[in-house]
Amino acid sequence: MLIVDKTTIAEFLIERIKDFPKIGGLALENYIEIPPLEINYTYAYPCFPLAKIRKKDPNLIAKNLERELTIPDYLDEIKAVGPYLNFRVKSDIVLENIYNLEENYGKIREYLKKEKSKSEKIVIEYPSPNTNKPLHLGHVRNMLIGFTLSNLFKYKDHNVFQVNLNNDRGIHICKSMLAYQQWGNNTKPNKKSDHFVGDFYVKYNQMVQKNDKLEEESKKILKLWEDKDPQIRALWRKMNKWALDGFNETYNKFGISFDKVYNESEFYWKGKKLILKNLDNPNIIKQNDGAIVAKLEAKENLPDKILLRSDGTSIYITQDIYLAYLKKQDFEYDKSIYIVGNEQDLYFKQLFAVLDMIGFKEDKYHLSYGMISLPEGKMKSREGTTVDADDIIEEMENLAFEEVNERYPELSKKEKSYRAKSIGMAALKFFILKYNPKSDFIFNPKESISFEGETGPYIQYCFARIQSIFNKSEEKIDLAINYKLLSHEKEIKLIKQLNIFPEIIGTALRIYGIHLIPQYLLTLCQLFNSFYSECQVISENRELEKARLLLIKCVQIVIKIGLNILGIETLDEM
RNA sequence: GGGCCUAUAGCCAAGCCUGGAUAUGGCGUCGGACUUCUAAUCCGAAGAUCGCAGGUUCGAAUCCUGCUAGGCCCGCCA
């Protein structure tokens, strides 16, 4: 087995071109690019830098290189096109690699070189909800990013620990509690229990408009809570359980589980000691009013940050500092990742700066994702104008059920709802994951719930179509094919796309760009569908059929790897 | 007042890290393809001053500067 990627091509060129321009510090792979889709070559070397050195026309240099270079056995062709030197990798190599490695194909470089890019311990913290209201679309994005990133690290053989932090105390919780005390009549949930709790949070915010005394009342409850008033604590435990029970149901729907769940209420005061211990640090100062502040302005060019209130009590960052140590102690991690929205960008810069300042120089990363808003504007949980996580799942599944029902009315109800669940979740997950996590986007409920175009079901459909061909074909799939037969333009494009999959996986991990995987799958499936409509697989020509079967088998393998990482199921029929 | 982010066809996005081939898809619009492996599909057409103005470069959507518009954030909330 042999790997041919950008690095391979760059190594090949560097060995043979004496004046190959080595621009400082770049990784080898950066000299080579993947040509645009319409160019039927796998890799390209642009000759402009050489042209500069040699003071010659890049077109001419490309032509000369084409003549001078002996084609290595892993390439079909080296071809000068304008100022570009293009390379085409042999189909045999690509298809054999995929067929032999199967689910491991996406990590072929590590696999073959056995350079065992050492397995790291990685802690990923998400979605860290407040326990006073149900999960909404923002949490859905958070969960999908966290889950997918975890899968991606796991796929690359890292040791991933998923942890969740329940923000289960504080004034916002007390507001829901107050509303329940006032208007709840001590009733039990008559609906999904976190929704039941959330209704009281909305109720509070409605009522506080008319009666601003409620504000004070909720502060009283907070005080009572902190004084460990038994009745308030009992109410708090009861409502928190309702909220968390509801969350767990939703986590289950997404297939998410955690290695450890932290509750803010169990340690929020513990950071205090840590801060006080660092008072000898010249940048951590006790002000005249007693508050402790981290001076970040001079050194870090960040606003100063209060670490402890003037009355000595802790604030949010106090416990986050403690939690950083706690996670290190619990997992001995190499890297700690926080999945948190971009409205907290500054907060995390400050948190990390403070941690560095007090000697906690661990590898920390804030994966900051953009907000989802609705066509009419921002979602506000206070006003209950959010897109609810459970509702959107249900809506997607219902619509998928209708679609399945329309196409295959004769199927059993059980089979219909099995497919509907799978397709509905695929649509929801893919819709959110195909966007760059860093950018904001607008969720238009009417247009978003679609099973056509750039969607999860489109990818699933592709998989099922391939499966259906396997069911019909009498030929055996194996590597004993005539690779020369795969010469149709659509086939060449497909093989080119298959070849770059491991590099996509590598880049996605390096830049935390998990959207690269859905984007890649879309292109792959578009190419497949285009191939499908032009090239008949099952055929009188047995040799051709065998060749094409192997090709689409490889497509199916890669789709499966990709969807697995996204937490999307494949269906053999749909 | 300061900081960060964003701006790509009617709409939604990819591409920006690492400058390179005619700016890539989808939705919508118009036209076409099911007696052939699943039409949740495919093919074709129309549709882009890549926010504006400069700069760097052989070459800029991509890098730099300024400007405009929008979003988010800015010491005792979480």
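Basis for what follows: all heavy atoms, side chains included, without hydrogens, waters or symmetry-related copies. No experiment lies behind these values; they were computed from the predicted model shown.
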*asked:* Does the Lys NZ or Arg CZ of R169(A) fall within the cation-pi geometry relative to Y268(A) - under 6.0 Å from the ring centre and within 45° of the axis?
replied: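 Here R169(A) passes the 6.0 Å and 45° test against Y268(A).
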*asked:* Can you confirm if the NZ or CZ of R419(A) lies within 45° of the ring axis of Y408(A) and under 6.0 Å from the centre of its six-membered ring?
replied: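 Output yes; distance and angle both within limits.
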*Would you call R88(A) and E77(A) a salt bridge, using N to O less than 4.0 angstrom?*
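Looking at R88(A) and E77(A), the cut-off is met.
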*Flag the pair K219(A) and E216(A) as a salt bridge only when some basic side-chain nitrogen lies within less than 4.0 angstrom of an acidic carboxylate oxygen.*
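No.
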For the pair [X] and [Y], name the ring-plane relationship: parallel under 30°, tilted 30 to 60°, perpendicular over 60°.
| X | Y | value |
| --- | --- | --- |
| Y365(A) | Y512(A) | parallel |
| F431(A) | Y435(A) | perpendicular |
| Y338(A) | F352(A) | tilted |

_Show me the pairs that pass salt bridge (Lys or Arg N to Asp or Glu O under 4.0 Å) and involve residues 39-60 of chain A, at least two apart or across chains._
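Found D19(A)-R54(A).
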*Do Y84(A) and the base of A21(B) stack face to face, with centres under 5.5 Å apart and an angle between planes under 30°?*
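Here the ring of Y84(A) and the base of A21(B) are stacked, with centres under 5.5 Å and planes under 30°.
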*Does F48(A) lie flat on the base of G20(B), that is, centres under 5.5 Å apart and planes under 30° off?*
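Taking the rule of under 5.5 Å and under 30°, the ring of F48(A) does stack on G20(B).
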For atom [atom1] of [X] and atom [atom2] of [N], their distance in whole Å:
| X | N | atom1 | atom2 | result |
| --- | --- | --- | --- | --- |
| N436(A) | U8(B) | CG | P | 15 Å |
| I442(A) | C27(B) | CD1 | C1' | 14 Å |
| E33(A) | A21(B) | CD | P | 7 Å |
| Y435(A) | G15(B) | OH | P | 13 Å |
| E300(A) | C74(B) | CD | P | 19 Å |
| E38(A) | A21(B) | CD | C1' | 7 Å |
| H366(A) | C72(B) | NE2 | C1' | 12 Å |
| Y532(A) | U41(B) | OH | C1' | 8 Å |

OP1 or OP2 of [N] versus the side-chain N and O atoms of [X]: is any pair under 4.0 Å?
| X | N | result |
| --- | --- | --- |
| Y369(A) | C72(B) | no |
| S439(A) | A14(B) | yes |
| R465(A) | C37(B) | no |
| H515(A) | A13(B) | no |

_Nearest-neighbour nucleotide for the D440(A) side chain, G71(B), A40(B), C74(B) considered_ =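 Output: G71(B).
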*Please tell me which of the listed nucleotides, A39(B), C17(B), C37(B), lies nearest to the side chain of I538(A)?*
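Nearest nucleotide to the side chain: C37(B).
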*Return the set of residues passing salt bridge (Lys or Arg N to Asp or Glu O under 4.0 Å) with E569(A) (not counting sequence neighbours), or none when no residue passes.*
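In terms of salt bridge (Lys or Arg N to Asp or Glu O under 4.0 Å), with neighbours along the sequence ignored, E569(A) is linked to no residue.
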_Contacts of type side chain to side chain donor-acceptor pair (under 3.5 Å), residue E397(A), not counting sequence neighbours_ =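 Testing E397(A) for side chain to side chain donor-acceptor pair (under 3.5 Å), a comparison that skips the adjacent residues, returns none.
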For [N] versus [M], give the span between their [atom1] atoms, rounded off to a whole number of Å.
| N | M | atom1 | answer |
| --- | --- | --- | --- |
| G19(B) | C50(B) | C1' | 15 Å |
| G15(B) | C76(B) | C1' | 44 Å |
| C27(B) | G44(B) | P | 14 Å |

*Report yes if a donor N or O on one partner sits less than 3.5 Å from an acceptor N or O on the other, where the partners are the side chain of D289(A) and the base of C76(B); otherwise report no.*
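By the distance-only test, yes, there is a pair.
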*Donor/acceptor link under 3.5 angstrom from N86(A) side chain onto base of A21(B)*: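 Check passes, donor-acceptor contact within cut-off.
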With sugar-phosphate meaning primed atoms plus P, OP1 and OP2, does [X] contact a base, only sugar-phosphate, or nothing at under 4.0 Å between heavy atoms?
| X | answer |
| --- | --- |
| Y347(A) | base |
| N59(A) | nothing |
| Y408(A) | base |
| L302(A) | nothing |

*Could you pick out which residue, C525(A) or E454(A), lies toward the 5' side of RNA chain B when each is mapped onto its nearest nucleotide?*
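Whichever sits nearer the 5' end wins; that is E454(A).
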*Taking for each residue the nucleotide of RNA chain B with the nearest heavy atom, is it L346(A) or A44(A) whose nucleotide lies nearer the 5' end?*
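This one resolves to A44(A).
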*Can you sort out which residues in residues 309-319 of chain A have a heavy atom within less than 4.0 Å of RNA chain B? Ascending by number, please.*
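Listed by number, they are R309(A), S310(A), I315(A), Y316(A).
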Using atom names, set out every protein N or O paired with an N or O of nucleotides 43-46 of chain B below 3.5 Å, distance rounded to 0.1 Å.
| residue | atom | partner | partner atom | Å |
| --- | --- | --- | --- | --- |
| C43(B) | OP1 | S530(A) | OG | 3.1 |

*Within a strict 4.5 Å, meaning less than it, do heavy atoms of the N86(A) and Y43(A) side chains meet?*
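N86(A) does not reach Y43(A) side chain to side chain.
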_Contact check, side chains of T318(A) and W269(A), non-hydrogen atoms, under 4.5 Å_ =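 T318(A) vs W269(A): side chains apart.
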*Separation of D289(A) CG from R309(A) CZ (nearest 0.5 Å)*: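 The distance works out to 13.0 Å.
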*Exceeds 12 heavy-atom contacts within 6.0 angstrom, atom CD of E38(A)*: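 Atom CD in E38(A) is packed in, count exceeds 12.
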_Applying a 3.5 angstrom cut-off to the pairing atoms, does RNA chain B sit in any stems of at least three consecutive Watson-Crick or G-U pairs? List them by first number._
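Stem list for RNA chain B: B:1-7 with B:68-74, B:10-13 with B:24-27, B:29-33 with B:41-45, B:51-55 with B:63-67.
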